[in-house]
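Okay, so here's the structure we're looking at.
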Amino acid sequence: MKECIFCDRESLEIIAENDLALAFFDACPVSEGHALVIPKRHVETYFDATPEEHGAISLLAGVVKDMLEKELNPDGYNIGANIGPAAGQTVFHFHMHIIPRYRGDVEDPRGGIRKVIPNRSCPRHCNEEKLH
Ligand code: 5GP
Ligand code: ZN
């Protein structure tokens with residue numbers, strides 16, 4: 001295995017952890033508070049993690065969310081993982097992105113992660129509903 005930056009724990013500023021998972025802030029945050037939650041064990045992708053690791057990651061995501069609520073009080077979140085280079089993965093140690101969102105941080109947030117492939121219009125016009 002090539003050296004893995006997410007296995008190099010010394011270089012990460014860990015903000016929360018449990019038995020099987022760790023959380024730290026992203027080095028290049030796309031929004032204030034952008035955090036990553038990873039399994040402690042080196043696995044390449046979401047689909048390589050065990051149910052126990054998924055459970056630990058979900059629980060830790062909740063802990064991180066509570067921390068973010070206290071410190072930054074975001075208006076929403078996007079969470080998700082890139083799986084494989086075609087989907088944009090650049091670090092091959094599974095990580096869940098927790099991206100806090102703030103009202104007005106982009107002009108039109110409708111669709112969120114559905115917009116990873118830009119400029120795809122929905123034939124049923126599902127994206128054209130107004131936000132409440
Ligand atoms: P991916 O593109 O694989 O889904 O996301 C990799 C993420 O890891 C990126 O958001 C990137 O900013 C973050 N990242 C890359 N190297 C480091 C690092 O050394 N430390 C931290 N904290 N984040 C990193
Ligand atoms: Zn690793």
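We count ligands from 1, going down the list as the structure has it; atoms in each ligand are counted the same way. Only a predicted model underlies this, so the values are computations on that prediction, with no experimental measurement involved.
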* To do: May I ask you to test the Phe24-Ile38 pair for a side-chain heavy-atom distance under 4.5 Å?
  => yes
* Any idea which atoms of ligand 1 are less than 4.0 Å away from a heavy-atom of Gly88? -> 2 (O)
* Structure fact -> Ranked by distance from atom 8 (O) of ligand 1, the top protein heavy atom is Phe6 CZ, 3.5 Å
* Which one of Cys28, Ser11, Ala27 has a non-hydrogen atom at the shortest distance from atom 23 (N) of ligand 1? -> Ala27
* For the atom pair OG (Ser31) and CG (Leu72), what is the distance rounded to the nearest 0.5 Å? -> 8.5 Å
* Asked: So does Glu17 pair up with Lys40, basic N to acidic O under 4.0 Å?
  -> yes
* To do: Can you sort out which atoms of ligand 1 are near Asn82, meaning under 4.0 Å from one of its heavy atoms?
  => 1 (P), 2 (O), 4 (O)
* To which protein heavy atom is atom 12 (O) of ligand 1 closest, and what is the distance rounded to 0.1 Å? -> Asp26 OD1, 2.5 Å
* Structure fact -> min-distance protein heavy atom vs atom 19 (O) of ligand 1 -> Ile5 CD1, 3.8 Å
* Asked: ligand 1 and Val91, any nitrogen or oxygen pair closer than 3.5 angstrom?
  -> yes
* To do: Taking the Zn ion (ligand 2) as the reference point, name the nearest N/O/S atom of His42.
  => ND1
* Asked: Testing Leu36, Ile57, Ile83, Asp48 for side-chain contact (heavy atoms from CB on, under 4.5 Å) with Phe94, which one passes?
  -> Ile57
* **Atoms of ligand 1, numbered as shown, that sit under 4.0 Å from any heavy atom of Gln89** => 3 (O)
* Asked: Do Ser11 and Phe6 come within less than 4.5 Å of each other through their side chains, counting heavy atoms only?
  -> no
* Structure fact -> Short version for Thr90: what comes under 4.0 Å of ligand 1, heavy atoms counted, is both
* Pairwise side-chain contact, His93 with Val43, heavy-atom cut-off 4.5 Å (strictly under) -> no
* For the student: nearest non-hydrogen atoms of Val37 and Ala23, plus distance -> CG2-CB, 4.1 Å
* Asked: Is it true that Phe25 lies under 4.0 Å from ligand 1, counting heavy atoms only?
  -> yes
* By atom name, which N, O or S atom belonging to His93 lies closest to the Zn ion (ligand 2)? -> ND1
* Using a strict cut-off of 4.0 Å, indicate which atoms of ligand 1 neighbour a heavy atom of Phe24. => 22 (N)
* Structure fact -> When every non-hydrogen atom of Arg101 is compared with those of Pro109, the smallest separation belongs to NH2-CB, 3.9 Å
* **Within-shell test, Glu13 vs ligand 1, heavy atom, strictly < 4.0 Å** => no
* To do: Any atoms of ligand 1 less than 4.0 Å from a non-hydrogen atom of Leu36? List them with their elements.
  => 8 (O)
* Proximity winner for atom 5 (O) of ligand 1, if only heavy atoms of Met96, His34, His95 are counted -> His95
* Asked: In Å and rounded to the nearest 0.5 Å, what is the CD1 to NE2 distance from Ile5 to His95?
  -> 8.5 Å
* Check whether more than 12 heavy atoms from other residues, nucleotides or ligands sit under 6.0 Å from atom CG of Asp19, and answer yes or no. => no
